[in-house]
**Student:** 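Questions regarding the structure given below will be posed in turn.
Treat the numbers as computed from the prediction; the structure is a model and nothing was measured. FYI, the numbering just counts along the sequence from 1. Numbering of ligands and ligand atoms starts at 1, following listing order.
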Amino acid sequence: MSMDNSMPSTKVAFFSSKVYDQKVFNSLVQKHAISFTHIESKLDEKTVPLAKGFDTVCVFVNDQLNTQVVEQLASSGVKHIALRCAGYNNVDIATCHTLGIRVSHVPVYSPHAIAEHALALIMTLNRRTHKAYNRVKEGNFDLQGLLGFTLHNKTVGVIGTGHIGSAFVDIVKGFGCKVLAHDPIPNPKMQSQAEYISLQDLFARSDIISLHCPLTSDNTHMINSNTIKQMKKGVMLINTSRGGLIDTSALIKGLKTQQIGYVGLDVYEMESEIFFRDRSCEVIQDDLFQRLSTFHNVLITGHQGFFTQEALNEIAHTTLNNIVSFANQKHANNFL
Ligand code: NAI
């Protein structure tokens with residue numbers, strides 16, 4: 001917590017706070033008239049009373065700012081929601097606008113961090129380095145079960161070619177892959193790198209499909225039993241975007257019939273109930289998640305695509321600038 005004594009301090013309730021957030025935000029906040037109160041819990045209907053008396057709430061991907069929470073924030077006097085992430089599918093933006101709460105986000109921090117994580121999922125699933133690591137540790141040098149495929153010349157379908165999707169295209173092009181893309185607004189920088197086609201054609205022709213589009217009400221469960229049927233048998237599906245893009249029950253069925261050959265997930269549709277905490281001594285109640293975890297060809301990480309030092313620094317910088325801009329009534333580009 002730090003502030004410039006000559007200026008009134010902006011009081012910020014920092015929800016879903018982790019030690020690594022505190023470290024990076026505290027190292028940068030000294031120059032600003034901002035005081036943070038770190039709250040470990042996520043912001044939701046139960047914890048919203050904790051926001052009373054604050055000017056701003058600073059939140060992350062799994063804080064739940066639905067209509068009721070936004071209404072309560074407004075009646076508690078909160079004027080600004082500072083998201084420290086790019087996606088804002090967890091905030092009822094329309095109600096914020098109606099009630100005069102401004103919402104800022106961090107549109108770009110380190111797109112390469114997430115794109116590189118998508119590649120880590122592909123490489124681990126394919127070459128099974130996680131299994132090889134354990135085998136060699138135990139003195140087991142048998143290669144049975146570790147057979148992979150050569151990535152060179154494979155066809156990769158990229159859904160969403162914005163900041164992250166285009167960084168991902170650059171990486172897979174470096175591996176010698178052919179790239180198919182689908183995006184309602186094709187990226188001019190990607191026209192020479194990728195062939196833009198319909199979603200249906202992308203599903204039919206891709207060996208690997210990677211999701212890099214935001215979650216909206218129009219594309220919820222875009223990966224469902226119908227679209228899974230359109231994919232190549234044995235396809236590898238990667239999601240580092242938002243869990244709600246995939247219908248998990250349909251995904252499990254696709255894995256059981258072996259229509260889907262590999263799944264790499266950094267996000268999960270019910271992740272807000274599970275992720276970002278040590279639950280190793282709990283009985284996890286989510287049966288879909290538990291079933292998914294049992295497949296040998298499914299690799300799940302707990303929403304860590306963004307988690308590089310460079311990305312954390314950038315997130316903290318931009319979030320602080322957004323809070324200062326709001327306090328100075330300068331609403332820059334990052335306000336929704
Ligand atoms: P961006 O806004 O730069 O690009 C998104 C692209 O998706 C745009 O080109 C847009 O036209 C396209 N798009 C929108 N709807 C689409 C649809 N139905 N089908 C195909 N394309 C569609 O966003 P950016 O920075 O590339 O981030 C993408 C997503 O990645 C975010 O919305 C967020 O959900 C996720 N993300 C995940 C992180 C992680 O740690 N795993 C961290 C940061 C973002």
**Student:** Is the distance between the ring centroids of H152 and F175 under 6.0 Å?
**Tutor:** no
**Student:** Which of the atoms of ligand 1 are close to R242, meaning less than 4.0 Å from one of its heavy atoms?
**Tutor:**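 So the answer, numbered in order with elements, is 33 (C), 34 (O), 35 (C), 36 (N), 37 (C).
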**Student:** Are any of the heavy atoms in P184 under 4.0 Å away from ligand 1?
**Tutor:**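 For ligand 1, residue contact (heavy atoms, under 4.0 Å) with P184 is present.
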**Student:** Short N/O distance, under 3.5 Å, between T240 and ligand 1?
**Tutor:** yes
**Student:** Any chain of hydrophobic side-chain contacts (each under 4.5 Å) joining V156 to M236?
**Tutor:** yes
**Student:** Which ligand 1 atoms does G160 reach within 4.0 Å, using its non-hydrogen atoms?
**Tutor:** 7 (O), 20 (C), 21 (N)
**Student:** Do the rings of H38 and F36 sit parallel, tilted or perpendicular, given the 30° and 60° boundaries?
**Tutor:**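 Ring orientation, 0 to 90° scale: tilted.
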**Student:** Closer than 4.0 angstrom, basic N to acidic O: yes or no for D142 and R135?
**Tutor:**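 Answer for the salt bridge query: no.
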**Student:** Protein heavy atoms near atom 36 (N) of ligand 1, is at least one of them under 4.0 angstrom away?
**Tutor:** yes
**Student:** Just checking, R279 and F275: is the charged tip under 6.0 Å from the six-membered ring centre and within 45° of the axis?
**Tutor:**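 Geometry flag: not set, cation outside 6.0 Å or 45°.
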**Student:** Report the nearest protein non-hydrogen atom to atom 8 (C) of ligand 1: residue, atom name, distance rounded to 0.1 Å.
**Tutor:** D183 OD2, 3.5 Å
**Student:** Can you tell me how the ring of H105 sits relative to the ring of Y88, calling it parallel under 30°, perpendicular over 60° and tilted otherwise?
**Tutor:**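 The arrangement is perpendicular - the two ring planes meet at more than 60°.
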**Student:** Considering only heavy atoms of C213, which atoms of ligand 1 have at least one such atom less than 4.0 Å away?
**Tutor:**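 So the answer, numbered in order with elements, is 7 (O), 13 (N), 16 (C), 20 (C), 21 (N), 22 (C).
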**Student:** Test V263 against every option in I252, L255, I300 by the side-chain contact (heavy atoms from CB on, under 4.5 Å) rule and name the one that passes.
**Tutor:**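 The side-chain contact (heavy atoms from CB on, under 4.5 Å) with V263 is passed solely by L255 among I252, L255, I300.
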**Student:** Side chains of T10 and D55: donor-acceptor distance under 3.5 Å anywhere?
**Tutor:**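 The criterion, which ignores hydrogens and geometry beyond distance, is not satisfied for D55 and T10.
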**Student:** Hey, is NE2 on H317 packed in by over 12 heavy atoms from elsewhere, all under 6.0 Å?
**Tutor:**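 No.
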**Student:** Using a heavy-atom cut-off of under 4.0 Å, does the side chain or the backbone of H212 touch ligand 1, or both, or neither?
**Tutor:**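 Only the backbone of H212 comes within reach of ligand 1.
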**Student:** Give the atom numbers and elements of ligand 1 that come within less than 4.0 Å of a heavy atom of P214.
**Tutor:** 5 (C), 7 (O), 13 (N), 14 (C), 32 (O)
**Student:** Atom 23 (O) of ligand 1: protein heavy atom closer than 4.0 Å?
**Tutor:**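 No.
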**Student:** Between F276 and H303, is the gap from one ring center to the other below 6.0 Å?
**Tutor:**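 Ring-ring flag for F276/H303: true, centres closer than 6.0 Å.
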**Student:** Please list the nearest protein heavy atom to atom 29 (C) of ligand 1 with its residue and the distance rounded to 0.1 Å.
**Tutor:** S241 OG, 3.3 Å
**Student:** Under a plain distance cut-off of 3.5 Å, with no hydrogens placed, do S104 and N334 share a side-chain donor-acceptor pair?
**Tutor:**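 Short answer, no.
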**Student:** Looking only at protein heavy atoms, identify the closest one to atom 4 (O) of ligand 1 and say how far it is in Å.
**Tutor:** G162 CA, 3.2 Å
**Student:** Quick check: F306 and ligand 1, any N/O pair under 3.5 Å apart?
**Tutor:**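 For ligand 1, there is an N or O atom that lies under 3.5 Å from one belonging to F306.
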**Student:** Taking 4.0 angstrom as the limit and counting only heavy atoms of G305, give me the atoms of ligand 1 inside it, by number and element.
**Tutor:**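 Those qualifying, in numeric order: 40 (O).
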**Student:** Show the atoms of ligand 1 that are less than 4.0 angstrom away from any heavy atom in N219.
**Tutor:** 18 (N)
**Student:** Which is it for I114 and ligand 1 at heavy atoms under 4.0 Å: side chain, backbone, both or neither?
**Tutor:** side chain
**Student:** With a cutoff of 4.0 Å, is V108 in contact with ligand 1, counting heavy atoms of the residue only?
**Tutor:** no
**Student:** To the nearest 0.1 Å, how far is atom 2 (O) of ligand 1 from its closest protein heavy atom, and which atom is that?
**Tutor:** H163 ND1, 4.7 Å
**Student:** Can you find a side-chain donor-acceptor pair between D286 and Y268 that sits under 3.5 Å?
**Tutor:** yes
**Student:** Has ligand 1 got any nitrogen or oxygen that is less than 3.5 angstrom from a nitrogen or oxygen of I159?
**Tutor:** no
**Student:** Could you list the atoms of ligand 1 found under 4.0 angstrom from a heavy atom of Y109?
**Tutor:** 42 (C), 43 (C)
**Student:** Of F307, F306, F15, which is the lone residue that meets ring-ring contact (aromatic ring centres under 6.0 Å, His included) with F60?
**Tutor:**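 Option passing the ring-ring contact (aromatic ring centres under 6.0 Å, His included) with F60: F306.
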**Student:** Checking a contact table here: which protein heavy atom is nearest atom 27 (O) of ligand 1, and how many Å away?
**Tutor:**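 Going atom by atom, the protein heavy atom closest to atom 27 (O) of ligand 1 ends up being I164 CD1, 3.3 Å.
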